[in-house]
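All figures in this text were calculated on a predicted structure; none of them were measured in a lab. Protein chains get the first letters and strands the later ones, always in sequence-line order, with residue 1 at the start of each. FYI, side chains are in, hydrogens and waters are out, and symmetry mates aren't considered; it's all heavy atoms of this structure.
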Protein chains: 2
Amino acid sequence: MNEQVLYQQALQILRDHGYKLTEARKQVLDILMSHAEHLTSSDILALTVKSDANIGRASVFRALDLFTDLGIIRPIYHESQSPHYVVFESNGHHAHLVCRECDKVVDLDECHLGELLDGFAAEHKFSLSGHLLELFGVCEDCSLHK
Amino acid sequence: MNEQVLYQQALQILRDHGYKLTEARKQVLDILMSHAEHLTSSDILALTVKSDANIGRASVFRALDLFTDLGIIRPIYHESQSPHYVVFESNGHHAHLVCRECDKVVDLDECHLGELLDGFAAEHKFSLSGHLLELFGVCEDCSLHK
DNA sequence: TCTCTAATTGATACTAAGTATCAATTAGAG
DNA sequence: CTCTAATTGATACTTAGTATCAATTAGAGA
């Protein structure tokens, strides 16, 4: 999914919920969406320091919290205790593979689980808006080295 | 899955990896597996204080880190920034529904995704050992109140 | 059963992520 | 352009998480 489209969609979600499109929020969003790897709060903070408009540390945390609440991103555990943030696709989905050995993460473009998961949610009378799927295993590189 | 079976399996995983079955580790495991809700580190710490053998705070964190490394549990971020720990089923799987409105979590007994996920992993040459599936949406109660 | 030792612990000190506060700033509606 | 509720950044504070180290202990082996 094109990151610019995702960025615009996220801005729209903010507008739709009555939030202002502040420089801080736009910058944090931009950073989140222009990096393939899943960043931590401190990663993001370090990257804001390098930009024109210096964003306060508290604002980074506030933006991340807001985007999490709105379902734009999701904090996940990965290697360290500080959460890494994954960006949901436009359909609210995100899926990736995590190697238990080397901690490599491979995002999946498409997991084709939509209809199946709708069914599960319906059984419990949930109206589904998204999902996060983490697959754990051993990657090829690590399998070869054992 | 019977919690006693899971507990014994977890102990076996520890033995298999050469770890000692200390009181601290056993107690943290027991607490994790005897609670339906997903506990945070501070929840667990509070519960250890109530038991006969008082476990040090550092030991709780160490046990949680070890169990996470070994794939017995998985930290998830939910409501607060402090992770909640979910216990994997014996097949390495865990699935639950999260309501975006009230934050209620409903664990799913079985998601029937085994073979499908094996296929995804194989495409990327991962040998799959488990998965975590989070479904986000709005629960029945919250739907009715809107 | 006992010995022994590497593993592990608990308490303490420390770090840093995360949060609260508040005067200053600003996005954007009108 | 005005205005104001929203938001900010800086600062202070909290607390989860981590490092350190002497003391303790799980369990292998005799």
Side-chain angles (χ1 to χ4, degrees), chain A residues 8 10-32 38-70 73-85, chain B residues 8 10-32 38-70 73-85:
Chain A
Q8 295 302 327
L11 292 185
Q12 192 58 50
I13 290 168
L14 291 176
R15 281 189 207 100
D16 290 348
H17 285 82
Y19 292 101
K20 299 187 182 214
L21 306 191
T22 64
E23 187 56 36
R25 289 171 178 162
K26 287 192 284 188
Q27 207 181 124
V28 173
L29 261 184
D30 186 60
I31 288 167
L32 282 165
H38 308 322
L39 306 174
T40 64
S41 54
S42 53
D43 293 334
I44 291 160
L45 192 57
L47 288 164
T48 63
V49 170
K50 295 180 188 172
S51 66
D52 290 348
N54 205 10
I55 305 297
R57 183 160 156 264
S59 297
V60 171
F61 284 107
R62 280 189 292 240
L64 290 172
D65 286 346
L66 177 59
F67 303 158
T68 300
D69 280 351
L70 294 178
I73 63 175
R74 176 80 180 165
I76 59 161
Y77 173 85
H78 176 53
E79 289 184 287
S80 66
Q81 291 294 338
S82 195
H84 290 246
Y85 292 87
Chain B
Q8 295 302 326
L11 292 186
Q12 192 58 49
I13 290 169
L14 291 176
R15 279 189 210 101
D16 290 347
H17 284 80
Y19 292 101
K20 299 184 178 213
L21 304 192
T22 64
E23 186 57 36
R25 288 170 177 162
K26 287 192 284 188
Q27 207 181 124
V28 172
L29 261 184
D30 186 60
I31 288 167
L32 282 165
H38 307 322
L39 306 174
T40 65
S41 53
S42 53
D43 293 333
I44 291 161
L45 192 57
L47 288 164
T48 63
V49 171
K50 295 177 184 172
S51 66
D52 290 347
N54 204 12
I55 305 296
R57 182 159 157 264
S59 295
V60 171
F61 283 109
R62 280 189 293 241
L64 291 172
D65 286 346
L66 177 59
F67 302 156
T68 300
D69 279 351
L70 294 178
I73 62 177
R74 178 78 179 168
I76 58 164
Y77 292 96
H78 172 54
E79 289 185 287
S80 65
Q81 290 293 338
S82 194
H84 291 246
Y85 292 87

Can you tell me which stems DNA chain D forms, taking runs of 3 or more consecutive Watson-Crick or G-U pairs with both distances under 3.5 Å? C:1-30 with D:1-30

D/dT25 P sits how many Å from B/R25 CZ, rounded? 15 Å

Please report the distance, rounded to the nearest Å, between CD in A/Q27 and C1' in C/dT26. 16 Å

For the CG atom of B/L29 and the CG atom of B/L64, what is their distance to the nearest 0.5 Å? 9.5 Å

For A/D43, side chain to side chain donor-acceptor pair (under 3.5 Å) partners two or more places apart: A/T40

List the residues meeting side-chain contact (heavy atoms from CB on, under 4.5 Å) with A/L45, not counting sequence neighbours, and say none if there are none. A/T48, A/R57, A/V60

How many angstroms lie between atom CD of A/Q27 and atom CG of A/L32, to the nearest 0.5 angstrom? 11.0 Å

Please report, rounded to the nearest Å, how far the P atom of C/dT9 is from the CG atom of B/L64. 12 Å

Please tabulate, one pair per line, each protein N/O and nucleotide N/O from nucleotides 27-30 of chain C that are separated by under 3.5 Å, including the distance.
| from | atom 1 | to | atom 2 | distance (Å) |
| --- | --- | --- | --- | --- |
| C/dA27 | N3 | A/K20 | NZ | 2.9 |
| C/dG28 | OP1 | A/L21 | N | 2.7 |

A/D69: partners by side chain to side chain donor-acceptor pair (under 3.5 Å), with sequence neighbours left out: none

Using the test side-chain contact (heavy atoms from CB on, under 4.5 Å), find all partners of B/I13 that sit at least two apart in sequence or belong to another chain. B/H17, B/L70, B/I72

Side-chain donor-acceptor pairs of residues 18-26 of chain A under 3.5 Å, sequence neighbours excluded:
| from | atom 1 | to | atom 2 | distance (Å) |
| --- | --- | --- | --- | --- |
| A/T22 | OG1 | A/R25 | N | 3.3 |
| A/R25 | NH1 | A/K20 | O | 3.0 |

Rounded to the Å, how far apart are B/I55 CD1 and C/dT9 C1'? 9 Å

Rounded to whole angstroms, how far apart are CG on B/N54 and P on C/dT12? 13 Å

Between protein and nucleotides 14-24 of chain D, map the contacts as a letter string: B base, S sugar-phosphate only, - none, heavy atoms under 4.0 Å, written 5' to 3'. --BBBBB----

Among all residues two or more places apart in sequence or in another chain, which pass the side-chain contact (heavy atoms from CB on, under 4.5 Å) test with B/T68? A/Y77, B/I73, B/P75, B/Y85

Test of understanding: with side-chain contact (heavy atoms from CB on, under 4.5 Å), list the residues that count as partners of A/H78, not counting sequence neighbours. A/H84, A/D103, A/V105

Distance check, rounded to the nearest 0.5 Å: A/R62 atom CZ versus A/L66 atom CG? 11.0 Å

